[in-house]
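So the structure is just underneath, and the comments pick up after that.
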Number of protein chains: 2
Amino acid sequence: MTEGVSRRQSTLDEVAELAGVSRSVASRALNNAPHVSRAKREAVERAVRQLGYVPHPAARALATRQTGAAALVVSGEDPSIFADPFFAQVIVGASAALEDADLHLMLCLAASDRGRKRVEQLLRSKGADGVMLMALREDDPLARMAEGAEMPVVFGGRPVGLDPRWYVDVDNVGGARAATEYLIASGRTRIATICGRLDTEVGRARYRGYRDAMLAAGLEPYPPEGGDFTEPSGSAAMAALLARHPGLDGVFAAGDNMAAGALRTLREAGRPVPSDVAVVGFDDLAVSRMADPPLTTVHQPIEGLGREMARMLVAIIDGQDPTPLILPTRLVTRASA
Amino acid sequence: MTEGVSRRQSTLDEVAELAGVSRSVASRALNNAPHVSRAKREAVERAVRQLGYVPHPAARALATRQTGAAALVVSGEDPSIFADPFFAQVIVGASAALEDADLHLMLCLAASDRGRKRVEQLLRSKGADGVMLMALREDDPLARMAEGAEMPVVFGGRPVGLDPRWYVDVDNVGGARAATEYLIASGRTRIATICGRLDTEVGRARYRGYRDAMLAAGLEPYPPEGGDFTEPSGSAAMAALLARHPGLDGVFAAGDNMAAGALRTLREAGRPVPSDVAVVGFDDLAVSRMADPPLTTVHQPIEGLGREMARMLVAIIDGQDPTPLILPTRLVTRASA
DNA sequence: CTGGGAACTGGAAGCGCTCCCAGTCTTCCG
DNA sequence: CGGAAGACTGGGAGCGCTTCCAGTTCCCAG
């Protein structure tokens with residue numbers, strides 16, 4: 001019961017000595033491996049408690065060649081891309097799943113060259129047991145590094161032009177199609193789109209979904225009006241759209257932040273939503289509920305994305321070979337469309 | 001030039017052998033320590049490049065007793081508290097500063113008991129070189145753990161009832177006072193407040209600032225109407241306030257999310273902002289710019305908070321003893337007040 | 001009572017790196 | 001030209017843990 005508060009960090013040797021067993025037995029007891037008699041196991045446990053012993057992670061890592069950590073790397077030249085609440089939710093999910101596997105989470109914001117270099121080091125030095133990779137753009141140097149890495153790598157969202165072995169993605173095409181179809185079903189015919197960066201697979205997939213739905217309904221898809229998933233870019237794109245196609249009566253924005261920006265521009269332009277222009281977003285971020293009017297949007301399981309990525313990674317680390325996963329999306333109708 | 005792509009991870013011994021030097025020299029060359037002749041240093045560098053050698057972090061950690069990582073732990077029983085974009089910004093700042101010091105970022109969301117246990121292990125096993133601690137509540141078990149830890153600990157925001165040696169905080173009292181004074185200066189007299197959790201120092205400090213300003217102006221401060229920094233809580237608190245004090249003409253909300261909620265309730269209640277009720281928030285999150293009307297709020301340097309925490313931690317790790325830091329806040333006037 | 005196997009035990013060899021230290025080689029001053 | 005300060009060098013002892021393996025002990029069928 002006497003929680004030891006020894007100054008110096010105690011070692012396994014000390015535990016073994018106090019328990020009157022050899023270091024090997026103590027080690028086995030600790031990792032509850034077989035071949036330890038009940039008596040000694042208990043003696044070791046007692047000693048551990050008495051000494052307040054905690055194994056030294058580095059030593060263990062060195063011996064087992066496992067670090068006990070997984071990395072989540074977020075690519076993007078501007079670190080503020082990470083400020084998008086999207087990532088926070090991914091992290092919540094990933095963190096929970098990693099906790100279940102008793103792995104620590106290392107976070108790498110690979111924005112600068114320096115940051116990328118460090119990620120590369122991490123990959124090559126086996127500084128983690130596995131990596132989750134997010135927000136890759138076309139020709140992202142991180143993709144190549146990851147390919148070469150001898151380490152489990154799970155992609156969050158498919159990277160452009162690559163077909164990785166392990167990834168978790170969201171049904172972007174289906175979601176975008178559903179959103180557009182909803183707009184069409186509500187009687188809109190001049191439906192434009194504000195799309196995300198087209199050098200990302202998300203951006204492309206959502207545009208593809210929009211276009212598919214338009215074509216299927218015999219409508220003319222608008223050319224992509226580009227945003228970068230941020231609120232200001234959505235606002236600007238909406239303004240451009242309004243200037244070019246004043247007669248539009250519907251907008252599918254490939255992200256809620258952009259949709260919020262579009263809403264702001266429409267409000268400022270005196271175009272009531274949804275009576276004049278209907279707007280549908282994508283993501284179902286908190287902002288969609290707080291927007292005015294509340295945003296009809298495509299819900300995607302963001303936390304689930306993080307969770308599944310982590311789970312998949314854990315499975316790979318455990319020697320399994322899970323199959324890629326595509327998470328479903330679903331339309332959430334609110335007031336904006 | 002031949003980037004080696006050896007399957008197995010190469011070791012320092014191999015580098016040394018290839019360079020024709022001893023392991024010691026190779027090690028010194030790598031860490032550019034003194035006592036290595038120019039020739040050998042170059043030979044080592046060449047060998048490193050040829051082998052694509054990257055030092056093994058665990059081995060290094062074991063030998064140096066330094067892990068090369070710092071942890072950011074966010075406390076809170078509900079992991080979704082972390083979804084607040086506030087933390088994302090803190091992370092961006094901290095990440096950048098840690099990168100400068102070549103430290104990795106470990107993220108711990110200490111929500112469950114299990115999570116807390118893991119943090120404790122981390123603290124006691126020296127699994128990181130230092131820790132940044134955020135969002136502590138009154139009687140947070142994490143505080144005690146941190147006190148006992150023989151590891152540099154920097155607090156982000158002062159914890160309730162403790163006076164830690166190292167912390168970075170934001171001038172919450174001053175910011176809240178400025179916000180309230182602004183409301184007063186604009187002629188409002190019946191100014192209520194929606195405060196944050198009063199079991200956190202932030203919540204208390206902001207209420208104190210509000211109260212100070214009210215008293216100084218000879219006005220009667222309203223009793224704290226409680227929120228928990230989330231949008232729904234702000235909305236609910238506003239509704240309660242409206243029911244209790246229909247005549248109020250100003251509200252200071254101790255957080256932008258809550259302010260956004262208040263705005264929503266006011267809109268739904270048909271109380272125009274700011275003509276009828278003026279609203280000031282705190283945080284200057286993205287939502288404040290996107291709100292309708294755009295929110296007058298107290299800007300706090302969130303990324304700076306993260307950055308300074310990390311810098312302070314690095315300084316401590318380097319053996320210095322920096323003094324606590326209180327970052328300034330400043331009022332940003334927009335349309336809501 | 002035996003022999004044989006299963007269950008247990010602890011010595012020892014690493015894991016890959018750092019760093020102390022004793023020894024070697026320069027170099028330069030008196 | 002002798003010698004010592006000073007710059008280099010590499011051997012070796014760890015850092016704390018896991019794990020292989022040879023040796024012990026124990027139990028039970030024969």
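Lettering of chains follows the sequences in order, A, B, ..., and the numbering in each one begins at 1.
Checked against A:Leu30 for a side-chain contact (heavy atoms from CB on, under 4.5 Å), the options A:Val25, A:Val36, A:Val15, A:Val48 give a single hit: A:Val48.
Here D:dC17 presents its P atom at 11 Å from CG of A:Leu51, a figure rounded to the nearest Å. Whole-Å rounding puts the A:Arg23 CZ to D:dT19 C1' distance at 11 Å. With rounding to whole Å, B:Leu62 atom CG is found 12 Å from C:dG14 atom C1'. Regarding B:His56, its NE2 atom lies at a distance of 19 Å from the P atom of D:dC15, rounded to whole Å. A:Leu12 places its CG atom 11 Å from the P atom of D:dG16, with the value rounded to the nearest Å. One atom, NZ of B:Lys40, and another, P of C:dT26, lie 11 Å apart when rounded to the nearest Å. Atom CZ in A:Arg41 sits about 9 Å away from atom P in C:dC8, given to the nearest Å. Distance, A:Arg60 CZ to C:dG14 C1': 17 Å, rounded to whole Å.
Using a 4.0 Å cut-off between charged side-chain N and carboxylate O, A:Glu42 and A:Arg38 make a salt bridge. Between A:Arg311 and A:Glu308 there is a salt bridge, since at least one side-chain N of the basic residue sits less than 4.0 Å from a carboxylate O of the acidic one.
Sorted by first and then second residue, the salt bridge (Lys or Arg N to Asp or Glu O under 4.0 Å) pairs involving residues 157-169 of chain B (not counting sequence neighbours) are B:Arg158-B:Asp169, B:Arg165-B:Asp321. Residue pairs meeting the ring-ring contact (aromatic ring centres under 6.0 Å, His included) criterion with at least one member in residues 15-74 of chain A: none, sequence neighbours excluded. Residue pairs that meet the ring-ring contact (aromatic ring centres under 6.0 Å, His included) test with at least one member in residues 116-168 of chain A, sequence neighbours left out, do not exist here. A salt bridge (Lys or Arg N to Asp or Glu O under 4.0 Å) check over residues 73-84 of chain A, counting only residues at least two apart or in different chains, returns the pairs A:Glu77-A:Arg137.
With C:dC17, D:dC8, D:dC17 as the choices, the nucleotide that has an atom nearest any side-chain atom of B:Tyr53 turns out to be C:dC17. Checked against C:dC17, C:dT18, D:dC17, the side chain of B:Thr64 finds its nearest nucleotide in C:dT18.
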Distance-only criterion, 3.5 Å: show the donor-acceptor pairs between side-chain atoms of residues 94-102 of chain B and protein atoms not counting sequence neighbours.
residue  : atom : partner  : partner atom : Å
B:Glu99  : OE2  : A:Ser112 : OG           : 2.6
B:Glu99  : OE2  : A:Gly115 : N            : 3.3
B:Asp102 : OD1  : A:Arg118 : NE           : 3.2

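By the ring pair (Phe, Tyr, Trp, His ring centres under 6.0 Å) test, A:Phe87 is found to be paired with A:Phe82, residues two or more places apart in sequence or in another chain being considered. Listed by chain and number, the residues in a side-chain hydrogen bond (donor to acceptor under 3.5 Å, both in side chains) with A:Arg307 amount to none (sequence neighbours excluded).
Using a 4.0 Å cutoff on non-hydrogen atoms, the parts of residues 25-32 of chain B near DNA chain C are B:Ser27, B:Asn31, ordered by number.
At least one side-chain nitrogen or oxygen of B:Ser37 sits closer than 4.0 Å to the OP1 or OP2 atom of D:dT9. OP1 or OP2 of C:dG16 has not a single side-chain nitrogen or oxygen of B:Thr11 nearer than 4.0 Å.
Relative to the axis of its first five pairs, the axis of the last five pairs of the helix from C:dC1-D:dG30 to C:dG30-D:dC1 sits at 50°, rounded to 10 degrees.
At the heavy-atom level, B:Pro55 lies under 4.0 Å from the strands shown only through sugar-phosphate atoms. Across all strands shown, A:Ser24 has heavy atoms under 4.0 Å from base atoms, whether or not it also approaches the sugar-phosphate. Across all strands shown, B:His35 has heavy atoms under 4.0 Å from base atoms, whether or not it also approaches the sugar-phosphate.
Two residues, B:Val36 and B:Ala63, neighbour DNA chain D, and the one matched to the more 5' nucleotide by heavy-atom proximity is B:Val36.
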